[in-house]
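Hydrogens, waters and symmetry mates are skipped; everything else that's a heavy atom, side chains included, is used.
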Amino acid sequence: MAVIVIVGAQWGDEGKGKATDILGGKVDYVVKPNGGNNAGHTVVVNGEKYALKLLPAGVLSENAIPVLGNGVVINLEALFDEMDGLIARGAKADRLKISANAHVVAPYHRVLDRTQERFLGKRAIGTTGRGIGPTYADKVSRVGIRVQDIFDESILRQKVESALNVKNQMLVKMYNRQAIDVEETVQYFLSYADRLEPMVIEAELELNKALEADKSILMEGGQATMLDVDHGTYPFVTSSNPTAGGACVGSGIGPTKITHSLGIIKAYTTRVGAGPFPTELFDKWGEFLQTTGGEVGVNTGRKRRCGWYDSVVARYAARVNGFTDFFLTKLDVLTGIGEIPICVAYDVDGKRFDEMPVNQSDFHHAEPIYETMPAWEEDITECRTFEELPQKAQDYILRLEELSGAQMSYIGVGPGREQTIERFPIL
């Protein structure tokens with residue numbers, strides 16, 4: 001039995017899809033425990049690139065059963081569009097299972113998300129506008145709609161009416177928008193019922209029974225540690241808990257069952273959306289990382305903000321998630337750049353911070369303190385063992401390992417599934 005939790009160790013887009021794809025072929029279930037179609041994964045299989053949004057990357061595995069857990073918020077239209085896209089390309093999507101307790105994104109959630117972001121103006125959070133935040137808000141306010149509600153029309157109508165009683169007042173009186181029709185919303189959900197029903201399971205029960213039968217489970221977290229609503233750079237965060245603890249809540253698998261907590265981290269740092277980012281670069285190197293690393297959001301098409309590796313963030317993420325291992329991605333991007341800066345601490349108004357400042361204002365004003373290491377010139381994309389890497393690349397990895405709080409067990413040297421060094425494999 002093994003339960004592996006995959007967690008982004010920065011602000012997302014670290015390469016969780018690749019990690020899931022590699023490990024997903026060695027487990028029985030791949031579970032997505034949080035998030036929605038607001039964060040995508042890019043997976044390259046046999047030279048073919050797949051941009052996944054709502055579906056777990058494990059859907060491309062030959063063996064694993066992919067599951068959307070109770071902590072996910074599901075846009076049904078986006079779900080079936082994505083499934084149909086995979087099927088059209090010859091990929092299998094018919095094994096997908098969905099927790100009956102997962103919440104669904106209503107059309108009014110998307111309207112509210114976009115409207116509220118515009119209303120915030122300069123203080124906008126930088127959401128994707130896909131209704132994720134409002135859906136989680138309804139969940140916490142206990143007026144959300146769950147997958148299981150779609151199969152009881154009476155309950156569904158009551159819940160939609162209750163939600164729109166308040167939301168239509170906001171849309172009309174606060175935002176000068178049109179009211180949303182109750183019946184139209186009900187019919188929107190009912191139109192998906194027949195196709196959805198065969199996929200719905202009591203996920204918490206099935207997953208725990210699988211563990212009792214000595215099966216292995218991979219939990220594929222969306223977003224990342226620094227976007228966690230509790231532990232991230234609040235308020236510039238997502239609306240769920242994409243940390244190791246959140247994976248337990250979003251799947252129904254208890255924390256004592258976790259055998260490995262695997263942090264996915266880039267050899268540099270990126271961020272999409274607003275919020276503080278101490279190592280962000282505004283010079284030729286920022287442009288170099290963006291261009292060479294292909295740093296464009298899978299789901300949004302937005303260019304990612306780029307910066308050097310931040311070991312303060314890495315240590316913080318290792319501590320919050322209890323990382324046993326790191327999966328370092330995109331090492332090849334740094335080939336041939338001369339010197340590589342590593343952020344080892346922050347300077348805030350003359351005071352040194354070796355760990356994450358607790359005060360939001362301090363973090364916002366943090367200036368990185370760097371040390372540098374020489375880069376390698378050799379092409380590393382064909383390396384398949386740690387020893388095959390140039391000595392300077394080995395030294396860089398070992399220094400990051402020393403600074404970051406966990407061993408670098410996997411090293412990505414290119415986008416392909418096969419372009420990965422399994423230094424200390426956990427499966």
S.K.: Assess the residue pair F288 and L281 against the criterion (side chain to side chain contact (heavy atoms under 4.5 Å, CB included)); give the C-alpha distance rounded to whole Å, side-chain angles, the decisive distance to 0.1 Å, and a yes or no.
M.R.: CA-CA 10 Å; F288 171 85; L281 297 167; over 6 Å; no
S.K.: Would R384 and E422 pass as an ion pair if we require N to O under 4.0 Å?
M.R.: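 So R384 does not pair with E422 through a salt bridge.
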S.K.: Return the CG to CG distance between N101 and N70, rounded to the nearest 0.5 Å.
M.R.: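 Here the interatomic distance stands at 6.0 Å.
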S.K.: Can we say D84 and R195 salt-bridge, meaning some charged N sits less than 4.0 Å from an Asp/Glu carboxylate O?
M.R.: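 Salt bridge flag = yes for R195 with D84.
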S.K.: Hey, mind stepping through D395 and Q391 against side-chain hydrogen bond (donor to acceptor under 3.5 Å, both in side chains) and telling me if it holds?
M.R.: CA-CA 6 Å; D395 292 344; Q391 187 60 50; 2.9 Å; yes
S.K.: Measuring from Y108:OH to T185:OG1, what's the distance to the nearest 0.5 Å?
M.R.: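 OG1 of T185 is found 7.0 Å from OH of Y108.
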S.K.: Roughly how far, to the nearest 0.5 Å, is the OG1 atom of T292 from the CG atom of L334?
M.R.: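 Going from the CG atom of L334 to the OG1 atom of T292 covers 9.5 Å.
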S.K.: Are any of the side-chain nitrogens in K266 or E295 under 4.0 Å away from the carboxylate oxygens of its partner?
M.R.: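 Counted as a salt bridge, because a side-chain N and a carboxylate O are separated by less than 4.0 Å.
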S.K.: Could you walk me through whether R146 and D138 pass the salt bridge (Lys or Arg N to Asp or Glu O under 4.0 Å) test, one step at a time?
M.R.: CA-CA 11 Å; R146 298 190 291 179; D138 275 5; over 6 Å; no
S.K.: Return the minimal non-hydrogen interatomic distance between A366 and P278, and the atom names on each side.
M.R.: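 The pair with the smallest heavy-atom distance is O-CB, 4.0 Å.
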S.K.: Please determine whether side chain to side chain contact (heavy atoms under 4.5 Å, CB included) holds for the pair V5 and F323, giving the CA-CA distance in whole Å, both sets of side-chain angles, and the decisive distance to 0.1 Å.
M.R.: CA-CA 9 Å; V5 180; F323 287 148; over 6 Å; no
S.K.: Are T420 and K18 close enough, and set up right, to give a side-chain hydrogen bond (donor to acceptor under 3.5 Å, both in side chains), and what steps lead you there?
M.R.: CA-CA 9 Å; T420 304; K18 179 178 183 178; 3.2 Å; yes
S.K.: In a check of ring-ring contact (aromatic ring centres under 6.0 Å, His included) between Y410 and each of F327, F386, F424, which one passes?
M.R.: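 With Y410 as partner, ring-ring contact (aromatic ring centres under 6.0 Å, His included) holds for just one option, F327.
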S.K.: Under 4.0 Å between a Lys/Arg side-chain N and an Asp/Glu carboxylate O for D325 and R423?
M.R.: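 R423 and D325: not salt-bridged.
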S.K.: Stepwise, does the salt bridge (Lys or Arg N to Asp or Glu O under 4.0 Å) test hold for E378 with K392?
M.R.: CA-CA 10 Å; E378 302 91 333; K392 290 177 182 177; over 6 Å; no
S.K.: Between E287 and K284, does any side-chain N to carboxylate O distance fall below 4.0 Å?
M.R.: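 Result for this pair is no, no salt bridge flagged.
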S.K.: Going by an N to O cut-off under 4.0 Å, is there a salt bridge joining E367 and R352?
M.R.: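 No, this pair does not count.
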S.K.: Tell me yes or no: between the side chains of Q10 and D310, is some donor less than 3.5 Å from an acceptor?
M.R.: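 Absent: no donor and acceptor within the cut-off.
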S.K.: Quick check for you: to the nearest 0.5 Å, what is the distance between M408 atom CE and Y396 atom OH?
M.R.: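 Going from CE on M408 over to OH on Y396, the span is 8.5 Å.
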S.K.: Between Y309 and S404, which heavy-atom pair has the shortest distance, and what is it?
M.R.: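 Residues Y309 and S404, closest heavy atoms: OH-OG, 2.6 Å.
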S.K.: Are the charged groups of E14 and K16 less than 4.0 angstrom apart, N to O?
M.R.: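 So E14 pairs with K16 through a salt bridge.
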S.K.: Of N321, T324, L23, L218, which meets side-chain contact (heavy atoms from CB on, under 4.5 Å) against L262?
M.R.: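 Running side-chain contact (heavy atoms from CB on, under 4.5 Å) over N321, T324, L23, L218 with L262 returns exactly one hit, L23.
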S.K.: Does R271 form a side-chain hydrogen bond (donor to acceptor under 3.5 Å, both in side chains) with T233? I'd like the steps, not just the answer.
M.R.: CA-CA 12 Å; R271 179 170 194 169; T233 49; 3.1 Å; yes
S.K.: Is it true that atom CG of D283 has more than 12 heavy atoms of other residues, nucleotides or ligands lying nearer than 6.0 Å?
M.R.: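 Enclosed: over 12 neighbouring heavy atoms sit under 6.0 Å from CG of D283.
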S.K.: Do D113 and R130 meet the salt-bridge criterion of a basic N to acidic O distance under 4.0 Å?
M.R.: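 No, R130 and D113 are not salt-bridged.
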S.K.: Please walk me through it: do L196 and V147 pass side chain to side chain contact (heavy atoms under 4.5 Å, CB included)?
M.R.: CA-CA 9 Å; L196 181 65; V147 166; 4.0 Å; yes
S.K.: Apply the test side chain to side chain contact (heavy atoms under 4.5 Å, CB included) to residues L207 and M219: give CA-CA distance (whole Å), side-chain angles for both, the deciding distance (0.1 Å), then the verdict.
M.R.: CA-CA 11 Å; L207 293 173; M219 291 201 278; over 6 Å; no
S.K.: First locate atom CG of L403, then atom CG of L398, and finally report the distance between them rounded to the nearest 0.5 Å.
M.R.: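 The CG atom of L403 sits 11.0 Å away from the CG atom of L398.
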S.K.: Checking H109 against T135 for the side-chain hydrogen bond (donor to acceptor under 3.5 Å, both in side chains) test, could you report, in this order, the C-alpha distance in whole Å, the side-chain angles of both residues, the deciding distance, and whether it holds?
M.R.: CA-CA 6 Å; H109 290 134; T135 306; 3.2 Å; yes
S.K.: Strictly under 6.0 Å, is that where the ring centroids of Y192 and F189 end up?
M.R.: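 Between F189 and Y192, which both carry aromatic rings, the centre distance is not below 6.0 Å.
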S.K.: Starting at OG of S409, measure out to CG of L328 and round the result to the nearest 0.5 Å.
M.R.: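 Nearest 0.5 Å value for the OG-CG distance: 11.0 Å.
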